[in-house]
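Accompanying notes for the structure given below.
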Amino acid sequence: MKLFKISIHALAAAAVMCMVSACADDPETPGGEDEKTDDTEGVVDGIVGFYVLNEGNMGANKCTLDYYDYATATYRRNIYAENNPDQVLELGDTGNDIAVYNGRLYLVVNGSHKVEVLDAATAKRIGQVDISSPRYIAFEGNNAYVSSFVGGDGENGSVVRFDLSTLKVTGKVSVGLQPEELVIDGDRLYVANSGQLSPEYDKTISVVDFKNMTKTGSIDVEVNMHHLRIDSYGHMWVTSRGNYGDIPANLYRLDRDKDGLFGSPVAVDRVVTSLTIAGNYIYYYGTEYAADWSTTTSYGKLGPIADGGFAFDGNFITDGTEADITAPYALAVHPGNNDILITDAKNYVSSGEIYCYSAEGKLKWHATTGDIPGHIAFVKK
């Protein structure tokens, strides 16, 4: 049964390991656990810092929030608990996405079935939106759109819309099985469906008229999709985790036709577990699993991507220190100086690590994070 296979995959990975910018002031984050780094560059292009959402072990209520202050070169751990002492259960269970938008910080907390809303400048709580099994968040105007594993027709998942002023749910549309990352492009919303908890994997991207909250179509790509991005040249990039068997994980590119619609996918032939797009390049890491669940991890940078091809194809780490990373988990690129951030979940049950590399791929600093550092969002002054 496929669900059993996924559970074994997660357990085996753990066993192997054991052997968005918006206007805001510099976050006032007193307390927590502070760690100075060797960073000497400071604030660049108004980026004053970034938040890290640590997932924590599922069911353990150990989701935490960290913050890095560029002005003081200080990494601060577990700031939510310090800044919101009245929240008895603290942040909740299993953080799954993070975003800064219009001065607010949005935390998608999957296991606690909510989107937590904070002031991006102070990390103080504003409120929450109750959504069952939320996964990822996107924004347009005064609305947020959240993918959810439940709430659709039959076994399908859904995309839920809520108003950013009132934090009230204002719409919902059924999409595919266990939808993951979503993006808004023009008057359409696209969401990658996975089917990872269903008898059969899903292999579609749902197309949604987000203004009317209606599904208008779907695009066949490959099974068990996860990350979905549209670059500034109009290409859509989507990752597939495969079926952990005869269908390998891969990265796919979809180009537009003359009517602006996305056509058939083209396999890039790269194992991509997570990716981010910065300027004209794709940064990624990919983890492959052998039959005995041993792993091979690669790190890459592809581009330029203007025509969908790659003149450059190499490692974004150039000093050999990728050997120090046990279990890469989150990836982001500083929008000002192109520093590369990558986190390490290590053994998935204790503190992780975050590494900062220069644009040239040299290690600049590293710091200790919370458990399973999974998601990063920059803050711009």
Side-chain angles (χ1 to χ4, degrees), residues 2-3 5-7 9-10 13 53 55 58 94-99 108 110 133-138 145-150 156-159 175-184 189-198 200-208 218-231 235-245 247-254 262 265-277 282-289 295 297-300 302 327-332 342-343 345 348 372-376:
K2 181 165 66 64
L3 178 56
K5 181 179 287 187
I6 290 179
S7 299
H9 166 234
L53 182 64
E55 292 185 3
M58 183 176 294
T94 318
N96 204 77
D97 197 17
I98 186 172
V108 179
N110 175 263
S133 299
R135 300 296 289 175
Y136 289 90
I137 191 167
Y145 299 82
V146 179
S147 57
S148 167
F149 271 6
V150 299
N156 287 333
S158 62
V159 172
V175 288
L177 298 170
Q178 288 85 61
E180 295 281 17
E181 199 163 49
L182 67 171
V183 296
I184 291 175
L189 178 149
Y190 300 89
V191 59
N193 302 304
S194 68
Q196 61 176 293
L197 304 180
S198 302
E200 297 293 333
Y201 287 115
D202 201 323
K203 61 185 300 183
T204 65
I205 294 172
S206 293
V207 185
V208 174
S218 62
I219 306 169
D220 285 349
V221 182
E222 190 49 274
V223 299
N224 197 9
M225 288 178 287
H226 189 187
H227 295 293
L228 176 64
R229 306 291 172 88
I230 297 177
D231 65 33
H235 310 295
M236 179 185 289
W237 304 90
V238 58
T239 65
S240 163
R241 290 170 286 206
N243 64 356
Y244 310 107
I247 302 176
N250 212 331
L251 175 67
Y252 294 87
R253 187 190 78 243
L254 285 75
F262 288 105
V266 177
V268 180
D269 294 327
R270 293 289 188 287
V271 174
V272 176
T273 303
S274 184
L275 81 164
T276 189
I277 297 175
I282 294 172
Y283 300 78
Y284 73 91
Y285 74 82
T287 302
E288 294 182 82
Y289 291 86
T295 60
T297 301
S298 58
Y299 302 85
L302 301 171
Y329 209 74
L331 183 63
I342 187 163
T343 68
Y348 294 95
I372 313 180
H375 311 275
I376 299 169

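Between the CZ atom of Arg241 and the OH atom of Tyr289 there is a distance of 11.0 Å, given to the nearest 0.5 Å. One finds the CG atom of Leu182 at 10.5 Å from the OH atom of Tyr145 (value rounded to the nearest 0.5 Å). Taken from NZ in Lys203 to CG in Asn224, the straight-line distance is 12.5 Å, to the nearest 0.5 Å. For the atom pair CG (Asp202) and CG (Asn193), the distance works out to 4.5 Å, reported to the nearest 0.5 Å. If you take NE2 on His235 and CD1 on Ile282, they are separated by 9.0 Å, rounding to the nearest 0.5 Å.
Two residues are said to be in side-chain contact when any heavy atoms from C-beta on lie closer than 4.5 Å; Glu55 and Tyr329 meet this criterion. Tyr284 places none of its side-chain heavy atoms less than 4.5 Å from the side chain of Leu251. In this structure, Asn156 and Leu177 have side chains that are in contact, with non-hydrogen atoms separated by less than 4.5 Å. Met225 has its side chain out of reach of Glu181: every pair of non-hydrogen atoms, C-beta onward, lies at least 4.5 Å apart.
Considering every non-hydrogen atom in both Ser194 and Gln178, the closest pair reads OG-O, 2.7 Å. For the residue pair Tyr285 and Leu331, the shortest heavy atom distance occurs at N-CD2, 4.2 Å. Counting all heavy atoms, side chain and backbone alike, Asn96 lies closest to Asn110 at CB-CB, 4.1 Å. Residue Pro328 comes nearest to Ile342 through the heavy atom pair CB-CD1, 3.9 Å, listed as atom of the first residue, atom of the second, then distance. Among all heavy-atom pairs drawn from Ala249 and Val271, the shortest one is O-CG2, 3.8 Å. Across every non-hydrogen atom of Trp237 and Val268, the tightest pair is CZ3-CG2, 3.9 Å.
Ring geometry for His227 versus Tyr136: interplanar angle over 60°, hence perpendicular rather than tilted (30 to 60°).
Distance alone, capped at 3.5 Å, is enough to place a donor-acceptor pair between the Asp97 side chain and the Ile137 backbone. Without hydrogens or angle criteria, Glu180 side chain to Ala192 main chain gives no donor-acceptor distance under 3.5 Å. With Thr273 contributing its side chain and Thr287 its backbone, the two residues share a donor-acceptor pair below 3.5 Å. Of the possible polar contacts, none joining the Thr204 side chain to the Ser218 backbone as a donor-acceptor pair under 3.5 Å is found.
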Task: Worked check of side-chain contact (heavy atoms from CB on, under 4.5 Å) between Ile247 and Tyr201 - done: CA-CA 11 Å; Ile247 302 176; Tyr201 287 115; over 6 Å; no

Open item on the list: The test is side-chain contact (heavy atoms from CB on, under 4.5 Å); show your working for Met236 and Ile205 and say whether it passes.
Closed with: CA-CA 11 Å; Met236 179 185 289; Ile205 294 172; 3.6 Å; yes

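When Val221, Ile219, Val238 are each tested for a side chain to side chain contact (heavy atoms under 4.5 Å, CB included) with Phe262, only one passes: Ile219.
Side-chain polar atoms of Asn250 and Ser240 form no donor-acceptor pair below 3.5 angstrom.
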